[in-house]
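Dropping a structure here in structure tokens format, bear with me for questions.
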Amino acid sequence: MDRIPALESLAPELQKGLDQASSFEALEALRIEFLGRKGRLADIMSTLPNLPPEERPKLGQRANVVKEEMNRLFDEKKAALTAAREAASLARFDASLPGRAPWKGSLHPDTLIMEEICSIFGRLGFDIAQGPEVEIDHYNFESLNMPPEHPARDMQDTLYITDSILMRTHTSPVQVRTMLKEKPPLAVVVPGKVYRRDSDLTHTPMFHQVEGLMVGHGITMAHLRGLLTAFVRGVFGPRTEVRFRQSFFPFTEPSAEVDISCFLCGGAGHTDGETCRVCKGTGWVEILGCGMVDPAVFEAVQYPADVSGFAFGLGVERIAMLKYGIGDLRMFFENDLRFLTQFSY
Ligand code: DAH
């Protein structure tokens, strides 16, 4: 005997099964049934040792031929199924559908406003200066005319690291750092983060300021007013007016708070007969603090007595809220992409 009927019927039976298989799962089931470790071919091979020794080699060879034939049938069917699957997915492919735009980041409103402020002052001849966020008491307070126990320190809820090291409460210490490094005349703006122990609807423990400083000979409050007018018109539009209100800061004398005419109602105090929601009917919006550098500050940096200069400080989030009509300060720091992606560059 040189043939075993069961062996000979394997390939034709497999072919029948393959003809009916329409999925990769069915294909795999057939492979296990016919060629698996405990499949039908293996079953027949396990009877080989029972045959007379002279028949074994021939049958062994025949079994190999059948196995190869079955593998070929599988490969053919697999290729056919793969081709059919690709054809089906191509049939669903619509080359005329609009594409999906790739994800594009956007700049944070704080970054946008700081860049805008720095670029306006840059065009007016100001350099950009920076300083550390972890600051020493001396630069943050003392050299700015706020000695220990000075009541003005209460205006700023300080986060202390040690008795003399703190998180800077404003960008004003960079005034002092700049003057210690450079001789007058100079003009700088200082964008950066500041920290205060404050957290509620309108205060966050970290926020951003831009400080400005100009020192030279013959610098007056008129220069300050002209410069700030140019600045607010750059940010809020050419018809914006400025108003100086007398105020107090320890490091400037005289000091002023600056209001701009309300950009929503144009200073009228109302829109469509309703009280203006931006200026609450006053026609003015407070925007920054400023003044002529106090002689005590010049003394702290050992500048000559004949120089004069002005300084100003503004809150970046405040400007962004006014400019973009943002009602809640916390939105700046909640990382909600629905909010952040509205500000493109
Ligand atoms: N440093 C002040 C603050 O954080 C802001 C400020 C006011 C800065 C007047 C100045 C200035 O340079 O002249 O509240």
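In listed order, ligands and their atoms are each counted from 1.
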With atoms numbered from 1 as shown, which atoms in ligand 1 lie under 4.0 angstrom from a non-hydrogen atom of Ser172?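 It comes down to these atoms of ligand 1: 1 (N), 8 (C).
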Which word best sums up how the rings of Phe121 and Phe126 line up, parallel for under 30°, tilted for 30 to 60°, or perpendicular for over 60°?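 Answer is perpendicular, since the angle exceeds 60°.
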Going by the side chain to side chain contact (heavy atoms under 4.5 Å, CB included) test, name the single residue among Leu180, Val174, Leu144 that passes it with Tyr139.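 For Tyr139, the side chain to side chain contact (heavy atoms under 4.5 Å, CB included) test succeeds with only one of Leu180, Val174, Leu144, which is Leu180.
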Less than 4.0 Å between a side-chain N and a carboxylate O, is that true for Glu69 and Arg72?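 Answer for the salt bridge query: yes.
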Under 4.0 Å to a heavy atom of Gln209 - the qualifying atoms of ligand 1, by number: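 Matching atoms, with element in brackets: 3 (C), 4 (O).
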One thing to verify: whether Asp259 and Arg245 come together as a salt bridge, which I'm taking to mean a side-chain N less than 4.0 angstrom from a carboxylate O.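 Answer for the salt bridge query: yes.
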N/O separation below 3.5 Å, Thr169 to ligand 1: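 Between Thr169 and ligand 1 (N or O atoms, distance only) the closest approach is not under 3.5 Å.
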How far is atom 5 (C) of ligand 1 from its nearest protein heavy atom, and which residue and atom name does that atom have?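 For atom 5 (C) of ligand 1, the nearest protein heavy atom comes out as Gly313 CA, 4.1 Å.
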In terms of atom number and element, which parts of ligand 1 are under 4.0 angstrom from non-hydrogen atoms of Ala311?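 Once the distances to Ala311 are compared, the set is 12 (O), 13 (O).
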Considering only non-hydrogen protein atoms, determine which one is nearest to atom 2 (C) of ligand 1 and report residue, atom name and distance to 0.1 Å.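 Going atom by atom, the protein heavy atom closest to atom 2 (C) of ligand 1 ends up being Phe251 CZ, 3.9 Å.
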Specify the protein heavy atom at minimum distance from atom 14 (O) of ligand 1: its residue, its atom name, and the distance to 0.1 Å.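 Of the protein heavy atoms, Arg196 NH2, 3.7 Å lies nearest.
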Looking only at protein heavy atoms, which one is nearest to atom 12 (O) of ligand 1, and what is the separation?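 Nearest neighbour among protein heavy atoms for atom 12 (O) of ligand 1, to 0.1 Å: Glu211 OE2, 2.6 Å.
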Set of residues satisfying side-chain contact (heavy atoms from CB on, under 4.5 Å) with respect to Ile165, sequence neighbours excluded: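 By the side-chain contact (heavy atoms from CB on, under 4.5 Å) rule, Ile165 matches Val134, Ile136, Ile161, Thr162.
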List the atom of Glu142, the atom of Pro147, and the distance in Å for their closest heavy-atom pair.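 The answer is CG-CA, 3.9 Å.
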Please list, in number order, the atoms of ligand 1 under 4.0 Å from a heavy atom of Gly291.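 In order of number, 13 (O).
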Sub-4.0 Å atoms of ligand 1 with respect to non-hydrogen atoms of Gln175: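 Per the distance check, 12 (O).
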Hey, is Arg177 close enough to Glu135 for a salt bridge, meaning N to O under 4.0 Å?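 Answer for the salt bridge query: yes.
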